[in-house]
Structures are given as C-alpha cells and as structure tokens.
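The structure's right below; bear with me while I get my questions together.
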Amino acid sequence: MSLSKCSSAREACIRFQSDVDFHQRVMGLTNTSSDLLPGTLELLILKALVSGSKHGYGIVEHLRIASREMLQIGESALYPALQRVLLQGWAKAEWGLSESNRRARYYTLTAAGRKQLADERAEFERMVRAIQYVLGTS
Amino acid sequence: MAPLMGTWLRRLSYLLRLSRHDAELREEIEAHRSLRQAHLEREGLTSSEAEDASRRAIGNVLLVREEAREVWLGSWDTWWQDIRYGLRMLRRGRGVATLVILTMAVGIGMNAAMFGIFHAVLIRPLPYPDPERLLWMTPHHQRFDIDTFISRGDFVVWRARAKLFERMTAYGQVDIAFLASGQASEERITSISEDFWAITGAQAALGRLFGADERNAIVLSHRTFERRFAAEPSVLGRTVSLNGYPVSIVGVLPRDYRVAFPPMLDDDMTEAAGYISLPDTPSRPGSSDRAVPGDRPVPAWVRVVGKLRPRVTIEQGRSELQSVFDQIAREFPTPLREERVLRVVSLQQKIVGPVQVALTILLVAVAFVLMIATINIAHLLLARSLSRQTEIAVRMSLGAGRTRIVRQLLSEGVLLTIAGCGAGLILANWALQAIVRLWPQAIPRLEGAVVNTPVLVFTLVAALVSTVSFSAAPAVSLLKTDLAGTLKREERVGSSTPGVTRIRGLLVSFELALATALLIGAGLMLKSYWLMSSAPPGVDPERILVTRVSLSGPRYASRVPQEQYVDDLLSRLEGLTGTVVGIDAGSFHFPVKVDGVSPDGSEAAVAAIKPVSLGFLRVMGVPLIRGRWPTDTALRSDAVESTDALLVNQRFVDVIMRGQEPIGRHVSGPALSGTIAGVVADFKDLQLDAQPAPQVYVPFKRAMLLRSVRVLVRTDRDPSAAARVVREAIAQIDGSQAIAEFTTLDGVLASSVANRRFNLSMLCLFAAVALFLSLTGAYGVIAHSVAQRRREIGLRIALGARPTEVVGLVAQHEMRFALAGIALGLLGAFALTPVMANLLYDVAPRDRATFVAVGVALATASLLTSWIAAVKAARVDPVMALRH
C-alpha cells in the first residue's frame with residue numbers, strides 16, 4: 001500500500017477512507033447484499049443514469065462517490081437490479097466502447113424510466129418522512 | 001396494463017435469445033471485474049494481486065448469473081434446470097429408473113383400472129333422468145331370499161293408491177316367436193306400461209315411441225333393427241308377428257340405449273328385441289293372466305319401478321307403499337302372497353347391491369398392491385440416493401441451499417411419476433378393454449368402465465400421494481448428509497445409519513404383511529371356487545349341448561299337439577347317431593308330502609318337481625345310487641293313477657326324508673303322485689354356486705306347462721358341428737318354431753358364476769403381483785443391508801468364523817423382520833376375512849388350512865430369500881471388505 005501525495009487535509013481524509021475500503025475490498029468483504037429497502041437500488045440506478053449513460057462499473061463508482069463512500073454496491077446486488085430495470089423498461093442497454101477502449105454495456109435512461117424516477121423518488125421521500133415521524137426525529 | 005404487456009413482451013424476447021443474453025452478461029461481469037482490477041492497480045496493487053482481489057470481490061459469478069436470469073424468467077428457469085438435470089441423472093441410473101417406472105406402472109395401472117370399474121358400477125348414477133328418485137318395489141320371498149313378481153292387477157292398485165309417486169311403471173318379459181320376413185326366431189319382448197318411456201328418458205332414434213293405448217305398436221331395439229332388418233329405415237310401418245299377433249313397427253331405439261332394469265330372471269341378462277305395450281285389461285289383483293293365443297302376448301307377472309315426487313324420501317315412499325301392500329293382502333288374499341314381504345330400495349341399490357361388497361374388497365386389495373409398489377420404489381430410490389451422497393455433498397458445498405436440493409429430488413420424483421403414470425394409464429386402458437370383452441356378464445353396468453375423467457383424477461391423486469411418499473425417504477436421508485465427512489471419504493460411500501436400516505426393515509415387514517393378507521384372501525377364494533366347480537360324476541360339460549325350443553302359434557295352442565311335438569323331437573334326435581338326448585320341461589317348486597315322514601316344524605317341505613325325459617339323467621351321466629331306473633315307457637306315460645315310478649335325488653332324501661329309506665315310499669303334492677323307485681346322485685345343471693335343491697323327477701308329460709322345453713344333447717362329435725345337425729333335425733319337424741341359440745352346459749354353468757370368476761381372477765392377480773413385488777423388495781433390502789455389513793462380515797471371517805456361521809447370523813437377523821411381517825399379516829387377515837363371507841362358497845372365512853398354508857409358504861419364501869442374500873455375502877473376500 002503506498003501513499004500518493006495529498007494536496008489538502010480533506011483529500012487526506014478521503015484517501016484514508018479509500019484505504020480502509022480498499023483494505024476491505026482486498027479482503028473480499030465488500031459484496032454488499034441489499035440491506036436497502038427492496039426497489040431502492042433500482043431507484044438509485046435510475047438516478048445514476050440521469051447524468052448520462054453508464055456501464056455497470058460506472059454506476060457503482062457513481063453511487064460510491066455520490067453517497068460519499070457509504071454505499072459500495074457489489075456485483076451480486078447490482079446485476080440482478082440492472083436486470084429488473086431492463087425488464088421494466090426503465091432503461092435500455094447497448095454495447096459500446098469504454099474509456100479504455102474495452103467493450104462495455106452502456107445503460108441509458110428511457111422516458112418511462114424518467115417518469116419512474118420521479119414517482120419513486122416522491123414515494124421514497126414520503127416513506128422516509130413517515131419513518132422519521134415514527135422515530136420522533138425531525 | 002400497458003407496462004404489464006411490455007414486461008411480458010420483454011420477457012418473451014429475452015427467452016428467445018436466452019443464450020445470447022447469458023453470454024453477454026458473462027462478458028459484462030468480466031468487463032466489470034477488469035475495470036475493478038484496473039482501479040485497484042491504480043491504487044497501488046500489483047496486477048496479480050489486483051486480479052485476485054477483484055475476483056474475490058465478485059464472489060460467485062454463477063450465482064449472480066442465475067439470479068439475473070431469475071429476474072427475467074422467474075423460478076421457471078430453475079425448474080427447467082432441475083428437470084434437465086433430473087433427466088440426465090435418471091439416464092445415468094437407467095436400471096433403477098426403469099424398475100421404478102415399471103413398478104409404478106403396474107401399481108398405478110391396476111389401481112386405475114379397478115377404480116374405473118368401481119366408478120362405472122357403483123358411483124356413476126343410472127342413465128335415467130333423476131335417478132336418485134327411482135325406486136325398486138317388489139314382493140320378496142323371505143325363505144328363498146329372492147325378489148318375486150306381482151300381478152298386473154296389483155300394479156294397477158299400487159299406482160292408483162300410492163300418491164307419493166310421480167310415476168310408476170310395470171314391465172314384464174316373454175320369450176316368444178318373432179316372425180318377420182318369413183323368418184322365425186325366438187326373441188324376448190318386453191311389455192311396458194305407460195310411464196316406461198318417461199322414467200327411462202328414452203328417445204326414438206328412428207320413428208317414434210308409442211303411447212299407452214296403442215295396441216299394435218312395437219318399438220325395436222337397435223340390435224334387432226340391425227340384425228333382422230339390415231338397418232333399413234324403410235322398416236317403419238312394416239308388420240311383424242308375435243306368436244301370431246300382428247304388430248306394426250313404429251320406431252327404433254338408439255344404438256347405445258340399454259335398459260338396465262332388473263330382468264325377470266335375475267341372472268338372465270338377455271336384451272329385449274322389442275317393446276310393446278302392456279294391456280290395460282283390468283284383472284283381479286293376485287291372479288295371473290294366461291295369454292289367449294292370437295291375442296297380444298302378455299306376461300303373467302310384472303316388475304315395478306317407481307319414481308318419487310321431488311323431495312319425498314325413500315322412507316316415506318316405502319311406508320306408503322307398505323300400507324297399500326297390506327291393504328291388498330287383506331282385500332284380495334291368495335296363497336301366492338304367503339311368505340312375501342314388501343321390499344323397497346333405490347333402483348341403483350337393487351342393480352349393483354349384490355356386487356358392492358366384492359368390489360369394495362377388490363378396491364382395498366388393489367390399494368394394498370399400490371402400497372407395496374410404493375414401498376418398493378422407496379427402497380430403490382433410497383438405495384440409489386445413498387450412492388449419490390458425494391454428489392449432493394459437492395453441490396451443497398458449492399452453495400446450493402437445502403430447498404434447492406429437495407426441489408431437485410422432487411423434480412426427479414415427478415419425472416419418474418409422469419413416466420410411470422403414463423405407462424400405468426396405458427396399461428389400465430388395455431386392461432379395462434380386455435375385462436369388458438372377457439366378462440361382459442360378470443358385473444352389472446360393467447360396460448361403462450373406461451379411462452375417463454374421474455379415473456384420471458383418481459390416478460393423479462394416487463400418483464401424488466405415492467410420489468410424496470417415496471420421495472420423502474431419500475430426500476430426508478440425503479439432507480442429513482455429513483458434508484465434510486462425505487467429501488473426505490471418511491465414511492464409506494453408500495453407508496446408512498442404523499436408524500435408516502431399521503426403517504427399511506420395518507417397511508419390508510409391512511410389505512410382507514400386506515402380501516400375506518392378500519394371499520390369504522386369494523387362497524380362500526381359490527379353495528371356494530375349486531370346491532364349487534368339482535364336476536358331477538361322469539359329466540363332461542363341454543360335450544353337452546343345450547338349447548331351448550319354444551312352441552308358439554295357434555297350432556300348438558292346446559296340450560295334445562305340444563306333446564306330439566316333443567315326442568317327435570325325441571325320436572328324431574335319438575335317431576341321430578352318437579347322441580344321447582334329454583328333455584327338461586322346467587322346475588316347479590311345490591310343497592310335497594312323503595308318506596310316513598312328518599313335516600319338520602310348520603314349514604312345508606318344498607321340493608323342485610322336474611318333468612324330464614329319462615334321457616335327461618343319462619345325458620347328465622348321473623349315476624343311480626339306489627333302487628332302479630324306471631322303464632322308458634313308464635317315464636313316457638301320463639297316467640296319474642298308476643303307481644308311477646319316480647326318481648328323487650340324494651338331496652331329497654337328506655332334506656325332506658331326513659335320511660329315511662326312500663324306496664317304495666309314496667310322494668304326493670299338487671299335480672304329483674307316485675312311488676319312489678330310485679335315488680340318483682346330486683348334480684348341477686344350472687347354477688354352479690348353489691347347492692342342488694331336493695328334486696323329484698317325473699315324466700315330462702306330467703308337466704303343467706309344456707310350452708317351452710330345454711333340450712340337452714350329449715354328443716361325441718365336435719360341439720358346433722353337432723349343433724348344426726341337431727338344429728336341422730329339429731327344424732324338420734316344424735320350421736316355423738323358434739329354436740334358441742345353442743350353448744354348451746359348460747357355458748351355462750360358467751356364466752352362472754361369471755361374477756365369482758371375475759372376483760377370483762382379480763384377487764388372485766392382485767395377490768400374485770403383491771407376492772412378487774414384496775419378495776423382490778425384501779430381497780433387495782436384504783441384499784443391500786448385507787452389503788452394508790460387509791465390513792463386519794469380513795472382520796468376523798478374518799477373526800476365524802466359518803462362513804456358514806456368518807450366513808446363519810445374517811439370515812437370522814433379516815428373518816426377524818420378515819417373520820414379524822407375516823405374523824402381522826396373518827393377524828390382520830384373521831380380523832378382516834369375515835367381510836368376505838358372502839363371496840365364499842362352502843369355505844369358512846377363517847379356514848385354518850388356508851391360513852397355515854399361506855403362512856408356511858411365505859415364511860419359506862422369505863427364508864429362501866434371506867438365505868440366498870446371505871450366501872452371496874459370505875463370498876466376500878475378508879481383505880477386500882476390510883479395506884473398503
């Protein structure tokens with residue numbers, strides 16, 4: 001494990017965190033099974049695709065960064081969820097070339113997917129508020 | 001709706017390109033992994049470390065792919081996998097699979113066939129409208145325990161006074177000469193009263209049905225329409241003659257129309273050729289009408305079927321009719337009403353009542369066979385599953401859950417069941433066709449036994465129960481596999497726990513118990529049938545031809561021409577070479593009195609008076625036990641006053657004379673008076689399963705009715721050739737007289753017990769199959785458990801035991817289960833066989849000889865089985881046994 005130069009304290013924190021989860025990953029401890037509410041992962045995937053077509057790994061990276069390293073999605077959870085998204089017609093998949101000139105399958109949000117994202121998001125926020133009320137937190 | 005449609009369409013397109021999608025997913029996951037690897041390399045790992053890490057991170061790719069596939073196809077995909085895998089496994093274990101399928105085919109097939117019969121006869125409602133409202137109403141003779149008839153006069157009163165009945169119909173049958181297009185034949189004609197068509201729900205296939213007031217109308221059965229009139233529609237309106245009475249054909253019944261109403265004589269199932277109306281001439285209740293020659297043929301006695309009004313119970317109908325019955329007895333007493341009570345049951349009960357017990361017993365018996373078959377299959381699968389322990393252990397360590405494994409085994413079970421069921425149903429279909437063709441007379445309503453929906457449903461249920469039963473044991477035993485131990489091959493592959501061995505031993509006991517019970521049942525019936533069919537001395541029933549001649553028409557209206565005809569018949573037939581001829585003019589039951597013998601109690605002694613020609617006894621080959629034969633002339637004479645010589649049979653002496661010396665005694669009764677000249681041995685000429693009645697043989701000219709006689713001919717020639725010759729000879733006397741079909745005495749006797757033979761054959765078949773299955777099952781289990789103990793046996797031999805000692809040890813151990821099973825079976829049979837009492841003739845249901853014989857036979861068979869298995873085990877090479 002080698003340290004690269006950090007330009008600021010914040011970057012050092014991020015680096016440290018990435019070392020930890022790197023360690024975790026090396027030890028094969030990071031295949032997260034979905035503890036999320038069923039359907040949430042699909043929602044997150046749709047959100048990830050809003051900002052542009054991505055392949056599977058790209059989606060994982062996006063979610064990792066956007067969740068500030070809190071969500072590490074493993075393949076065993078991701079791919080079945082991707083299939084569900086495809087089955088419902090919320091995204092389309094096409095083969096293309098990745099940045100490193102490798103073949104990769106890119107997922108693109110469809111109109112139905114956009115609508116689903118909006119609906120699901122509203123529903124999710126409602127659910128969270130309900131749980132918060134019950135738990136007594138604002 | 002639209003999203004749902006879209007989903008299904010996408011599923012379909014996925015299904016169509018299944019392998020391409022699967023390959024793409026693999027590629028995608030691999031690409032994902034290599035991207036992750038690149039990421040890790042950027043973070044500082046070496047490429048090999050990064051590769052390992054990324055692979056570990058993915059985990060089980062196979063699981064991911066499977067889960068992904070499941071999203072699209074649901075669990076169908078895994079089911080399909082299970083089936084394909086199951087087929088492959090079955091093909092590998094082809095021997096076992098074939099055995100299982102065959103065993104199941106036999107078990108399920110026999111059950112399906114038996115249920116088909118049960119359903120067709122007992123469960124299926126009668127083919128009439130509102131069959132549950134139809135009642136059978138008859139006077140019942142208590143002492144002889146048979147249903148008798150009523151007079152037409154009685155019927156008129158019943159119909160008038162029984163208000164709870166919506167309809168009531170009377171019918172009677174006569175066998176008369178049917179003359180059409182110059183050809184005469186003897187046919188059965190049924191006379192019916194007004195409500196007959198309504199109650200049976202009949203429709204005419206051609207023409208119409210007649211109304212009650214039509215005196216000269218006849219409706220033909222389809223068979224007669226085809227046979228006598230070549231199915232020409234122009235037959236309508238043509239005239240035929242019944243005993244000289246002209247009737248016009250107004251209609252033809254449909255081809256499959258059969259009136260299953262009880263015939264006039266309970267064993268005589270001949271179908272009617274046509275139907276005419278019953279005359280409505282008022283007659284005094286209790287008297288029988290003699291048909292006036294040239295007038296409409298009318299039966300003297302009739303039988304009645306009634307239809308209750310809706311929502312009236314049988315009880316209500318019965319009590320109302322009972323009061324009518326009693327009223328008639330008071331108002332119109334006749335001697336014929338004595339000893340007769342009213343019997344009212346549902347029509348279905350009357351028709352199928354006699355066979356209910358037998359069929360239920362057979363159904364239970366065949367269920368036993370299925371149980372034995374299922375246990376055998378469980379043995380087979382259990383043995384095979386033990387050899388699959390390694391495979392299961394590997395699968396479980398690769399991540400297969402328990403449910404998955406159980407589902408896999410269940411799928412294999414289902415595949416076997418589907419194959420076994422299919423084969424079984426084919427077998428059942430064939431068996432039912434064969435049975436209906438071989439024994440048409442054996443059971444009423446048998447012709448409806450086919451593989452139909454209820455049978456299929458029953459088969460499904462039976463197969464389901466069977467599958468679950470035999471899949472449970474192997475599945476349970478496999479799930480208890482010790483994974484690590486099996487993989488390390490610490491335990492010998494194919495070993496089982498003591499618990500399992502004991503269970504298998506108990507199953508073998510149970511099998512043998514069932515087989516024992518079945519064998520005892522079959523043995524009892526076999527003994528009964530053998531006793532029943534032991535031939536009377538000197539008679540070869542196959543060489544005796546039987547036919548009947550019925551005199552009809554105005555020429556034979558009076559007594560003198562009738563006797564003339566019979567004399568003529570006798571002399572012509574006796575003139576044929578190589579024949580012995582006898583005439584039987586019937587059997588009349590009357591009370592008789594013998595001089596010097598006081599009646600026993602208040603019951604008058606009833607004997608059967610048989611007017612015969614002397615040749616009759618000679619044809620039957622009946623030996624004379626005491627006294628002498630009357631001369632030919634004496635037996636031909638009709639003088640009543642002379643001291644006529646009579647013959648009686650042994651039974652007469654036993655029952656009526658209670659063993660006193662018969663020769664020289666005078667016998668008297670209605671239209672009977674004579675001296676006993678000789679005693680002949682008992683014989684059976686009509687009913688095989690009834691003891692001969694006490695009989696008195698008188699000259700045939702003393703018969704009260706000489707209209708119809710049975711002609712018996714013993715011939716040395718081939719029966720069919722002889723029949724032709726005899727028929728020609730008879731026809732030469734008067735070609736217009738009807739001669740019935742020729743049968744042999746053997747045929748007559750056999751059809752009198754067709755039902756018993758059916759029961760016997762079925763039960764013996766079940767018992768034989770049960771025996772075979774249970775012995776092979778026992779052999780398999782014993783051989784297997786001996787193989788389990790190979791190590792122990794090898795050890796013993798290595799330590800110095802002699803092979804015979806070892807064999808004895810093993811055999812003894814195995815015999816315990818077998819003997820326990822046989823004992824259980826004997827006890828069970830002891831408890832259950834009284835149910836069969838009505839099916840047995842002359843054999844007690846707890847006949848000691850049969851029980852002992854079966855017990856000994858089975859014990860010997862089991863001993864032999866253990867012995868053979870143990871001997872094979874003793875050939876073990878100790879070193880090999882110990883090493884493995």
Side-chain angles (χ1 to χ4, degrees), chain A residues 1-4 15 18-19 21-34 42 54-61 64 72-100 102-107 110 112 115-116, chain B residues 2-15 20-46 48-74 77 399:
Chain A
M1 174 160 67
S2 66
L3 295 162
S4 49
R15 273 289 167 219
S18 74
D19 285 344
D21 66 77
F22 168 76
H23 176 89
Q24 281 185 319
R25 265 184 266 161
V26 166
M27 289 295 120
L29 297 172
T30 56
N31 256 350
T32 321
S33 57
S34 258
E42 284 84 351
K54 297 183 177 51
H55 50 60
Y57 190 72
I59 295 178
V60 167
E61 282 298 286
R64 183 174 69 82
Q72 319 264 21
I73 311 292
E75 284 84 327
S76 59
L78 176 73
Y79 282 97
L82 277 174
Q83 303 302 312
R84 275 191 282 275
V85 166
L86 284 179
L87 175 64
Q88 299 295 332
W90 299 329
K92 280 207 243 276
E94 263 172 3
W95 284 96
L97 284 181
S98 73
E99 319 81 31
S100 38
R102 276 185 251 241
R103 243 171 71 94
R105 206 165 175 222
Y106 279 87
Y107 293 83
T110 60
K115 180 165 182 307
Q116 178 70 12
Chain B
L4 205 61
M5 271 275 293
T7 313
W8 279 101
L9 282 173
R10 277 185 284 268
R11 268 193 229 262
L12 193 61
S13 83
Y14 181 87
L15 186 63
R20 183 149 75 101
H21 283 296
D22 197 41
E24 283 182 356
L25 187 59
R26 272 224 303 269
E27 201 184 335
E28 199 178 340
I29 295 181
E30 173 60 23
H32 189 123
R33 186 206 62 76
S34 66
L35 281 173
R36 191 191 281 265
Q37 178 182 341
H39 184 129
L40 290 174
E41 285 176 8
R42 272 203 303 277
E43 298 206 345
L45 260 57
T46 65
S48 57
E49 281 175 341
E51 194 179 327
D52 289 342
S54 65
R55 282 200 201 281
R56 244 176 300 150
I58 286 192
N60 192 343
V61 180
L62 221 60
L63 270 179
V64 177
R65 279 166 57 202
E66 263 190 21
E67 254 196 76
R69 226 180 340 181
E70 247 188 78
V71 168
W72 288 94
L73 300 177
D77 178 55

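Only this structure's heavy atoms are used, side chains among them; waters, hydrogens and symmetry mates stay out. The shown structure was predicted, so the numbers you read here are calculated from the model rather than taken from an experiment.
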### Query
Does any non-hydrogen side-chain atom of A:Leu82 lie less than 4.5 Å from one of A:Tyr107?
yes

### Message
Below 4.5 Å, heavy-atom pairs only: which of B:Arg33, B:His21, B:Glu28, B:Glu67 has the largest tally toward chain A?
### Response
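When all of B:Arg33, B:His21, B:Glu28, B:Glu67 are compared, B:Glu28 has the most.
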
### Message
Determine whether A:Gln83 and B:Trp72 satisfy the following criterion, side-chain contact (heavy atoms from CB on, under 4.5 Å), listing intermediate values before the conclusion.
### Response
CA-CA 7 Å; A:Gln83 303 302 312; B:Trp72 288 94; 2.6 Å; yes

### Query
Side chain, backbone, both or neither: which part of A:Leu86 has a non-hydrogen atom closer than 4.5 Å to chain B?
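For A:Leu86, backbone and side chain are both near chain B.
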
### Message
Quick check on B:Leu63 against chain A: is it the side chain, the backbone, both or neither that has a heavy atom closer than 4.5 Å?
### Response
neither

### Query
Highest number of heavy-atom pairs under 4.5 Å with chain B: which of A:Ala81, A:Ala104, A:Pro80, A:Ala112?
A:Pro80

### Task
Taking the side chain as every heavy atom from C-beta outward, state whether A:Arg105 and A:His55 have any atom pair closer than 4.5 Å.
no

### Query
With a 4.5 angstrom heavy-atom cut-off, which part of B:Ala38 approaches chain A: side chain, backbone, both or neither?
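B:Ala38 touches chain A through side-chain heavy atoms alone.
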
### Query
At a heavy-atom separation under 4.5 Å, does B:Glu49 approach chain A through its side chain, its backbone, both, or neither?
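B:Glu49 has no heavy atom closer than 4.5 Å to chain A.
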
### Task
Could you list the residues that satisfy salt bridge (Lys or Arg N to Asp or Glu O under 4.0 Å) with B:Glu27, not counting sequence neighbours?
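Scan of B:Glu27 (salt bridge (Lys or Arg N to Asp or Glu O under 4.0 Å), adjacent residues dropped) gives A:Arg103.
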
Residues 90-98 of chain A side chain polar contacts: donor-acceptor under 3.5 Å, at least two apart:
unit_1  : atom_1 : unit_2   : atom_2 : d
A:Ser98 : OG     : A:Ser100 : N      : 3.3
A:Ser98 : OG     : A:Ser100 : OG     : 3.3
A:Ser98 : OG     : A:Arg102 : N      : 3.2
A:Ser98 : OG     : A:Arg102 : O      : 3.3

